[in-house]
Structure formats: structure tokens, C-alpha cells
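Worth saying up front: this structure is predicted, and the values here are computed from it rather than measured. Residue numbering restarts at 1 for every chain, and letters A, B, ... go by the order of the sequence lines.
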Amino acid sequence: MRDFGVIGARLLHWYDRHARSLPWRVPQGQADPYRVWLSEVMLQQTTVAAVKSYFQRFTSLWPTVHDLAAAPDAQVMGEWAGLGYYARARNLLACARAVSAMGGFPDTREGLGALPGIGPYTSAAIAAIAFGRAETVVDGNVERVVSRLFAVETPLPAAKPELVRLATLLTPDQRPGDFAQAMMDLGATICTPRSPACGICPILDECAARAQGIAADLPRKLPKKAKPQRFGTVWIGFAGDRVLVETRPDKGLLGGTLAFPSTGWDGSDMEAPAGGDWRDMGVVRHVFTHFTLDLTVLSGQLTANPERGNLLALREFSPSALPGLMRKAWSLAKPDLAQPETARPAATMRRAGKPGKNPP
DNA sequence: TAGACGTGGGT
DNA sequence: TACCCAAGTCT
């Protein structure tokens, strides 16, 4: 029987010396539940590098959960643009408003888990990190670390309950938040998916997979399905110095984001906005989690009042408020504004984004 | 319950 | 290029 206390102690000792400095981490003292929650939601399926600037921007605009709760939907969606998984932004606002109305964050895993956008992982993370509760935090890093530590060969996701059980055995009563972050840091920097740096691992001697020489092969996963290819068309229509945009419906892909009118991606059709000669500006390829999209970008002058969406003055339009797919489309169709970059508003400069790759 | 849901970076 | 991956949640 392995000594779980030794593993926890070694990890915490390692964490005390090697913890990464991150904007949402408080060196000592009690973490702010609002900042813990915000960072954890942003970090769902998203890299630390991508989250940093968004976290700074959000906490600067909205220092407390009450400030965020009072923000307009469109502004929050615009600030989230580019980060992906937009249901998170919609749930973020719903959660902020619920929390603000109840006067603050619940301090238990159960209470937190009842809020929108907070699932098993995030509720445990906030309870442990912000409130010092001995909850077991299991994310992708922890699954990997634990599957190797105990050489669990059952493929994910079937192995999940067993990994949670083992992780629970490891979680200490003292410093559960630091322990959780230590596990995640270990997974992110040493116990990596490929080429794990076992040589510098603080719990090398405890690792069953290392002993068997199969660390890099774990966790095992079921083969994934092929990604279908889909096609669509987007219209970028101008009326003088205005451009036609719309807010997408809350449900479904890119729900609630600012966008240009487009067809569906599954063969469904849509009438082009009333326009004359639509010019073919090329195709942008965009890879989603579950399909690849080739989107034909058409651009032209509108000849009648659009039936849907609204015309936005170009000077008030910031591509940074668009999701990545629509930024790519815009980069193909945007008019030459004949202005030096430095003369453009700061809001447009920020996160202007790289032009989308354009297949031949 | 398995599929929907973004994006960018690493190999 | 192509594939994998990242501090998951919702339905």
C-alpha cells in the first residue's frame, strides 16, 4: 500500500518552490472567490497563455462580481470574443447575476455546483482554492497524473470514476487548494501528455507507470472519430460606411456572438442579403472541435434595407468583438480604410488578430 | 450518454 | 499538413 501522505507532502513541497506566478494566484492570504471563479471558467479547455490577457482585461473592467453582473450582455460577449466556447460567457453573466443577487459566492462545493457554468471540476476548484475546503479537484491534468501514478490502464472516459477515487485518496485535509494547483502544475509542466519529464518529477519514486516504463502511454484513450468537412457562405455587406452584422441566437455554435449573416454549415440554405454584385473574396478554413468548415466569403454593397441584423458604422465596429471565424472572414473582406494603423481607435488595435489562413 | 461546443499552439 | 491537446459543462 502506497503512502499517500508522502505523495501529498512531496507535491506541496515541490509546489512551494516551483509554483508558477499567475495573475489569478495570490502568493499568500485568502484568494478572492470572484477571481478564482473567473479564472477557472476561462481556463476550462483553454490554455494559460490564452487566458492571461482576458483575465487582466475582465478584472480591470469589472473588479467585483457585482460590477460584472451589471455589465451589458453585448459588452461581455465582445470582451470574451476570441476565447472560444461562448456558452461559458453566457453562463458567466448568468452566474454573476445570480451570485450578486445572493450577496456573494456560496462557500461549498454543492452550492457552487448549482450555479450556471460550474460543474464538478470548477465547483471543487473554487471550494478548495478560495474556501480551503478539502474537495477533490479532477481535471485533465489530474487524470493524467493519477493514471500514471497508479498505472491505470483502463481507457478514458471509462477510467474516470476510478481516477476520481484515487485522487480522493491523495487529497490532503491541509492546503487542499495548493495541493490541487500542485497537481495541475505538475501535469502542465512535468507530467505532460507527451515526453513527460520524469527525471525531474518530485514523485518519481512513487510512480507505478514510470516503474513499468509506460508513463508516456498513459492515460489510454478511446480512438476519436473523424472530423467531417462542412461548407458555408458568409455575406459581408456594406451600406456606405456601415457594415451589416447580427447577434447570433444564444443556442448553438457561436451562440450570442456578433457575426456577419451566413448560411448554416450543414447544407442548410439562406437567402443572401439584398445586394447587387457579391464579390467572391475567397475561402477561410476554420477547424472546430467536431468539424472543419470552409467558409466562402462574399462581399458587396447592399441595395436595400436588410431584413435582419443591423448596420453598424465602421468607426464603431471592432473586429476584436468577433469570434475567430468571423475575424478571419473580415480579414478577407474589410475595405481598405486608407488610414495608418496608428490613427485607428485603440479598441480596434487591441487584439486585432492575425489574418485567417487562406487555402489556395 | 455521447455529442456539441472554439481556438491557438506544439509536435 | 495533420493531429493532438488545454484548469469542462450542458443536454
Side-chain angles (χ1 to χ4, degrees), chain A residues 20 22-25 36-55 77 80-92 94-95 112-126 128-129 136-145 156-158 160 164 167 177 179-189 191-196 216 219 221-230 248 250-257 259 265-266 284-293 322-328 351 353-354 356-357 359-360:
Chain A
R20 294 178 292 173
L22 299 171
W24 45 87
R25 273 190 185 160
V36 173
W37 162 72
L38 180 62
S39 65
E40 291 301 343
V41 172
M42 286 183 166
L43 286 162
Q44 289 167 6
Q45 297 288 284
T46 309
T47 57
V48 165
V51 164
K52 279 182 178 171
S53 64
Y54 284 84
F55 180 82
M77 293 307 294
W80 194 276
L83 200 53
Y85 284 141
Y86 298 96
R88 291 185 296 171
R90 286 177 268 124
N91 286 332
L92 190 79
C95 183
L112 290 160
L115 292 164
I118 300 185
Y121 162 75
T122 306
S123 61
I126 300 172
I129 297 168
T136 303
V137 179
V138 182
D139 73 333
N141 288 303
V142 176
E143 287 178 359
R144 184 169 58 254
V145 169
L156 284 167
K160 178 86 184 232
V164 169
F179 175 78
Q181 294 178 90
M183 290 282 278
M184 294 189 283
D185 268 20
L186 185 75
T189 62
C191 197
T192 51
R194 281 171 291 195
S195 311
K221 296 187 178 180
L222 259 29
K224 47 189 59 177
K225 295 175 179 173
K227 219 170 262 200
Q229 170 79 53
R230 295 183 182 168
R248 293 176 61 87
D250 274 354
K251 299 278 183 186
L253 196 70
L254 307 178
T257 64
W265 324 127
D266 41 20
V284 289
R285 173 162 295 175
H286 195 73
V287 181
F288 293 101
T289 305
H290 50 300
F291 66 96
T292 299
L293 176 66
L322 298 170
L325 170 66
M326 294 294 160
R327 282 186 207 176
K328 287 184 184 176
R351 286 204 321 263
K354 290 179 283 189
K357 281 183 188 167

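- At a threshold of 4.0 angstrom between heavy atoms, the contacts of A/L83 include nucleobase atoms, whether or not backbone atoms are also involved.
- Between A/R144 and C/dA6, a side-chain N or O to OP1/OP2 separation shorter than 4.0 Å is present.
- Counting non-hydrogen atoms under 4.0 angstrom, A/V137 reaches nothing in the nucleic acid.
- Taking only side-chain nitrogens and oxygens, A/H286 comes nearer than 4.0 Å to OP1 or OP2 of B/dT7.
- Remark: A/Y85 is not in phosphate contact with C/dA6, judged by side-chain N or O atoms under 4.0 Å from OP1 or OP2.
- One finds a side-chain N or O of A/Q45 lying less than 4.0 angstrom from the OP1 or OP2 phosphate oxygen of C/dG8.
- The same atom, P, is picked in B/dG8 and in C/dT9; the two are 22 Å apart, to the nearest Å.
- Looking at heavy-atom distances under 4.0 Å, A/S195 makes no contact with the nucleic acid at all.
- Among the heavy atoms of the strands lying under 4.0 Å from A/P116 are primed sugar atoms or P, OP1, OP2 only; no base atom is included.
- Annotation: of the two residues near DNA chain C, A/N91 and A/L43, the 5′-most nearest-nucleotide partner is A/L43.
- Nucleic acid contact class of A/L92 (heavy atoms, under 4.0 Å, all strands): none.
- For the pair A/K224 and A/K251, nearest-nucleotide mapping onto DNA chain C gives the more 5' position to A/K224.
- Comparing the same atom, P, in B/dC5 and in C/dA6 gives a spacing of 22 Å after rounding to whole Å.
- Within the nucleic acid shown, A/V287 comes within 4.0 Å of at least one base atom, counting heavy atoms only.
- To the nearest angstrom, C1' of B/dG6 lies 8 Å from CZ of A/R88.
- A close approach under 4.0 Å does not occur between any side-chain nitrogen or oxygen of A/H290 and OP1 or OP2 of B/dG3.
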